[in-house]
There are 2 protein chains.
Amino acid sequence: MRQAADLSCSPSIDAQQALARAETLCQQRGARLTDLRRRVLEIIWSSATPLGAYTILDVLRDDGRQGAPPTVYRALDFLLAQGLIHRLASLNVFTGCRRPGSHHSGQFLICRDCGRVSELSNPVIDELLRAETDARGFEVLARIVEILGRCPDCLKEPTRHG
Amino acid sequence: MRQAADLSCSPSIDAQQALARAETLCQQRGARLTDLRRRVLEIIWSSATPLGAYTILDVLRDDGRQGAPPTVYRALDFLLAQGLIHRLASLNVFTGCRRPGSHHSGQFLICRDCGRVSELSNPVIDELLRAETDARGFEVLARIVEILGRCPDCLKEPTRHG
DNA sequence: ATAACAAATGTTATTCTATAACATAACATC
DNA sequence: GATGTTATGTTATAGAATAACATTTGTTAT
């Protein structure tokens, strides 16, 4: 069974701001933030935790839209290309980017218990990684930094896992 | 079509050493490095590039073994638990660990062109990540650091991708 | 306007990755 | 050798992603 979407009833302030920024950025770039793409971004931002592609697809279908996997993957590809969302490789899920426009790779803290994600941005880590790759003559195309663990909130609760 | 396994005919020196170390470690720990598990480790070490689970399964079947996905995933789970291999989340592949016994997370440079992987181990990066997580009261369970790009060898060749 | 082209979406099918659930076999301990 | 545990065999299915082609929508030039 697929995870529940955990969506709030209406777009949060965060989501509204993110959509507004996305509009602006796309307009500046001449990129077309279509209805579908905007809705997918909204779905992602409306969730407290990152969503898988098929969960997003379920929500689209609840909307009454027709849709198949390529529908959502193409929208996700667009949003990724525009730096509006991130993909978390360790979980195959997608989350809204808190700093769109910079096309950064991001560093993520992922809570195993509640699923929430914080996005770090430690330039020193980026710098060190670049030093390592430079020293090796390795050309960087993408950086993946994901820390899986338990967030402070979940640490307070009685352990649920061992 | 699944990627070719790119296996040398006989176990390389590296593979032989890795297998010997694995034997020792498992014996020390009372972990059972069974025939199947040893063979999977050998298959992984015999490849110049990381292998997917289904590629490993193909090799097992070429061996004449019976097998299904759980066969190989269970062996992989064991090898992961023993710190004898790493999983690269960005590619869904598995590669031999160069420093077994320490149960480290590892940092990887993955060449998009040739598929080869180098394993870094920069303690300063680990340290910085720990500082970040400590500052947030976040308990770390696993670290994923994967850099996708092009290795020096492939950079010398005429670009194959754009 | 409309023809021609490009971009986006619809649609069907398939490939790849991973696990659930249950059966059997091998091993250890007493 | 009976019992419990660990490992493996087996079947089926869930989950993630893309290929290939059809249709629609949007844009541009005439």
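What's counted below: heavy atoms across the whole structure, side chains too, no hydrogens, waters or symmetry copies. A, B, ... follow the sequence lines: proteins, then strands. Residue 1 opens every chain.
Under a cut-off of 6.0 angstrom, the local environment of CD in A:Q27 is sparse, with at most 12 non-hydrogen atoms contributed by other residues, nucleotides or ligands.
In this entry the distance linking CZ of A:R29 with P of C:dA7 reads 18 Å, nearest Å. Taking atom CG of residue A:L80 and atom P of nucleotide D:dT18, one finds them 10 Å apart after rounding to whole Å. Straight-line distance from the CG atom of B:L76 to the P atom of D:dA7: 15 Å, rounded to whole Å. Rounded to whole Å, the distance from CG on A:L36 to P on D:dT25 is 14 Å. Atom CZ in B:R39 sits about 19 Å away from atom C1' in D:dA7, given to the nearest Å. Nucleotide C:dT9 holds its P atom 9 Å from the CZ atom of A:R65, rounded to whole Å.
Taking every side-chain heavy atom of A:F94 into account, D:dA17 is the closest of D:dT6, D:dA17, C:dG10. Taking the side chain of B:P70 as heavy atoms from C-beta on, and the options D:dT8, D:dT11, C:dG10, the nearest nucleotide is D:dT11. The side chain of A:R32 has C:dA8 as its nearest neighbour among D:dT11, D:dA7, C:dA8. The side chain of B:Q66 sits closest to D:dT10 out of D:dT10, D:dT18, C:dA7.
If you find the closest nucleotide of DNA chain D to B:G67 and to B:A31, the one lying nearer the 5' end belongs to B:A31.
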>> Please determine whether side-chain contact (heavy atoms from CB on, under 4.5 Å) holds for the pair A:R37 and A:R32, giving the CA-CA distance in whole Å, both sets of side-chain angles, and the decisive distance to 0.1 Å.
In response: CA-CA 9 Å; A:R37 290 163 175 175; A:R32 289 168 55 190; 4.2 Å; yes
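Within the 4.0 Å cut-off from OP1 or OP2 of D:dA16, not a single side-chain nitrogen or oxygen of B:N92 is found. Contact annotation: A:R37 reaches the phosphate of C:dT9 (side-chain N/O to OP1 or OP2, under 4.0 Å). One finds no side-chain N or O of A:T71 lying less than 4.0 angstrom from the OP1 or OP2 phosphate oxygen of C:dT11.
B:T71 places a side-chain N or O within donor-acceptor distance of the main-chain N or O of B:A68, the cut-off being under 3.5 Å.
For C:dG10, the base has a donor-acceptor partner in the side chain of A:R74 [N/O atoms by modelled type, under 3.5 angstrom]. Side-chain to base pairing of B:Y73 with C:dA20: no donor and acceptor N or O lie closer than 3.5 Å to each other.
B:R136 has a carboxylate O that lies under 4.0 Å from a charged side-chain N of B:E132, or vice versa, which qualifies the two as a salt bridge.
You'll find the ring centres of B:F94 and B:H86 outside the 6.0 Å limit.
Remark: ring of B:Y54 not stacked against base of C:dC16; the cut-offs of centroid gap under 5.5 Å and plane tilt under 30° are not jointly satisfied.
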